[in-house]
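Data block below; observations after.
What you see is a predicted model; the values in this text were computed from it and never measured. Side chains included, hydrogens not; waters and symmetry mates left out as well; all remaining heavy atoms used.
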Amino acid sequence: WQQIPHYTISEIFCTSEFDGVVLDTEHGCFNNESLYTCIQTITLNNKKCFVRLTEVNKTMIRYCLDAGVDGLIFSTVESVEQSRNIQNYCNFPTQGGTRGLGLVRSNSWGKDPNLIGKKPLLVAQIETEEGVSNLKDISNFDFDYYLIGPYDLSMSMKIPQQFDNEKFMLKIKSIHDIIGEEKLGIHIPSDVDKQISKYQNFGLLALGMDTTILIDGLNKLEKY
């Protein structure tokens with residue numbers, strides 16, 4: 001999970017055994033150029049590249065998909081309307097959507113005979129009580145994964161960071177009962193050792209974050 005907007009971080013992450021990297025434009029400070037360069041770095045290293053977007057924004061969706069990302073994570077999905085717009089903006093008409101076709105990086109600027117390519121992986125982030133309440137309807141749009149945002153979800157419940165709280169765990173169970181483990185995901189930015197045992201069977205695990213990894217490493221060094 002990358003918030004620092006520089007391709008060197010992407011390149012370092014690509015030396016790991018993880019499947020890919022998430023570029024977080026919600027809490028990171030990427031501009032279009034730095035985002036594009038990081039996408040290039042990750043995909044050229046044959047790793048999966050996801051971008052998290054704050055809003056269902058047609059322009060940013062097109063920008064990321066044209067740049068060649070494998071998938072998009074949409075923050076705070078709460079409604080049927082959001083879900084429908086995501087599917088429309090991300091998929092070509094032959095795939096059930098309204099996405100426009102151009103000669104872009106994702107099809108080697110037209111050199112790839114298959115200009116359309118495969119459908120992107122789409123991830124709905126469920127991180128509010130409203131999102132959980134509407135999850136059955138949201139799940140009808142068949143996202144590839146449903147990613148729990150533990151910090152915002154716990155904040156929405158007015159029990160911030162209380163991930164062992166019984167109310168929080170019951171909320172997770174209610175999500176699990178609707179979606180099932182195979183399509184469930186979670187981001188654990190810190191304290192991975194303490195939290196991962198609850199979620200090990202989830203289909204999508206995003207572990208750590210560039211900033212927390214740096215802080216953890218610095219804290220260890222300070223002990224000397």
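Judged as a side chain to side chain donor-acceptor pair (under 3.5 Å), the pairs with a partner in residues 100-116 (not counting sequence neighbours) are, in order, T43-R105.
Interatomic distance, SG of C29 versus CG of D24, reported as 10.5 Å (0.5 Å rounding). Residue F30 holds its CZ atom at 8.0 Å from CD of Q3, rounded to the nearest 0.5 Å. Note that OG1 of T76 and CG of D152 are 6.0 Å apart. Values are rounded to the nearest 0.5 Å. Separation of atoms CD1 (I9) and OG (S34) is listed at 12.5 Å; rounding is to 0.5 Å. How far OG of S154 is from CD1 of I148: 11.5 Å, rounded to the nearest 0.5 Å.
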Practice problem: Evaluate the side-chain contact (heavy atoms from CB on, under 4.5 Å) criterion for residues F143 and Q87: first the C-alpha distance (whole Å), next the side-chain angles of each, then the deciding distance (0.1 Å), finally the verdict. | Solution: CA-CA 9 Å; F143 286 90; Q87 299 291 341; 3.9 Å; yes
Quiz prompt | Verdict with supporting geometry, S10 and L23, side-chain contact (heavy atoms from CB on, under 4.5 Å) | solution = CA-CA 9 Å; S10 304; L23 302 172; 4.1 Å; yes
Practice problem: List the steps and the verdict of side-chain contact (heavy atoms from CB on, under 4.5 Å) for N140 and S83. | Solution: CA-CA 9 Å; N140 288 331; S83 304; over 6 Å; no
Quiz prompt | Stepwise side-chain contact (heavy atoms from CB on, under 4.5 Å) test for Y199 and L184 | solution = CA-CA 9 Å; Y199 311 109; L184 261 187; over 6 Å; no
Practice problem: Test D191 against Q195 for side chain to side chain donor-acceptor pair (under 3.5 Å), laying out the working first. | Solution: CA-CA 6 Å; D191 297 323; Q195 298 297 325; 6.0 Å; no
Kindly list each side-chain donor-acceptor pair under 3.5 angstrom involving residues 214-224, sequence neighbours excluded, with atom names and distances?
| from | atom 1 | to | atom 2 | distance (Å) |
| --- | --- | --- | --- | --- |
| N219 | ND2 | I215 | O | 3.4 |

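By the neighbour-count criterion of 12 heavy atoms within 6.0 Å, atom CE of M155 is sparsely surrounded, having that number or fewer from other residues, nucleotides or ligands. Counting heavy atoms of neighbouring residues, nucleotides and ligands inside a 6.0 Å radius, atom OH of Y7 does not exceed 12 of them. Within a 6.0 Å radius of NZ in K48, other residues, nucleotides and ligands contribute 12 heavy atoms or fewer.
For the pair Y63 (side chain) and N32 (backbone), a donor-acceptor distance under 3.5 Å is present. Side chain of H187 to main chain of G208: a donor-acceptor pair is present (N/O by atom type, distance under 3.5 Å, no hydrogens or angles). For the pair K136 (side chain) and I178 (backbone), a donor-acceptor distance under 3.5 Å is absent.
With side-chain heavy atoms closer than 4.5 Å counting as contact, directly or through intermediates, the hydrophobic cluster containing L204 also holds W1, V22, F50, I73, L121, V123, Y145, L147, M209.
Checked against side chain to side chain donor-acceptor pair (under 3.5 Å), T59 has no partners two or more places apart in sequence or in another chain. For the salt bridge (charged side-chain N to carboxylate O under 4.0 Å, His left out) test, no residue two or more places apart in sequence or in another chain qualifies with D210. In this view, H176 satisfies the side chain to side chain donor-acceptor pair (under 3.5 Å) rule with no residue, not counting sequence neighbours. By the side chain to side chain donor-acceptor pair (under 3.5 Å) test, D164 pairs with K198, sequence neighbours left out. Scored by the ring-ring contact (aromatic ring centres under 6.0 Å, His included) test, F13 finds no partners at all (sequence neighbours excluded). Q95 meets the side chain to side chain donor-acceptor pair (under 3.5 Å) test with no other residue; sequence neighbours excluded. Under the salt bridge (charged side-chain N to carboxylate O under 4.0 Å, His left out) criterion, K173 pairs with D177, sequence neighbours left out. Remark: K183 pairs with D142 by the salt bridge (charged side-chain N to carboxylate O under 4.0 Å, His left out) rule, at least two apart or across chains. Remark: E129 engages K171 in a salt bridge (charged side-chain N to carboxylate O under 4.0 Å, His left out) (not counting sequence neighbours).
Side-chain atoms of I126 and V132, non-hydrogen and from C-beta on, do get closer than 4.5 Å to each other. Contact check for K167 versus Q162: no side-chain heavy atoms found under the 4.5 Å cut-off. Between V21 and T41 there is no side-chain heavy-atom pair separated by less than 4.5 Å. Within the 4.5 Å cutoff, the side chain of Y146 has heavy atoms near those of the I138 side chain.
The heavy-atom pair separating G96 from N88 by the smallest distance is O-OD1, 3.8 Å.
In this structure, R99 pairs ionically with D66, as a charged nitrogen and a carboxylate oxygen lie closer than 4.0 Å.
Defined by atom type and a distance below 3.5 Å, a donor-acceptor pair is missing between the side-chain atoms of S156 and E127.
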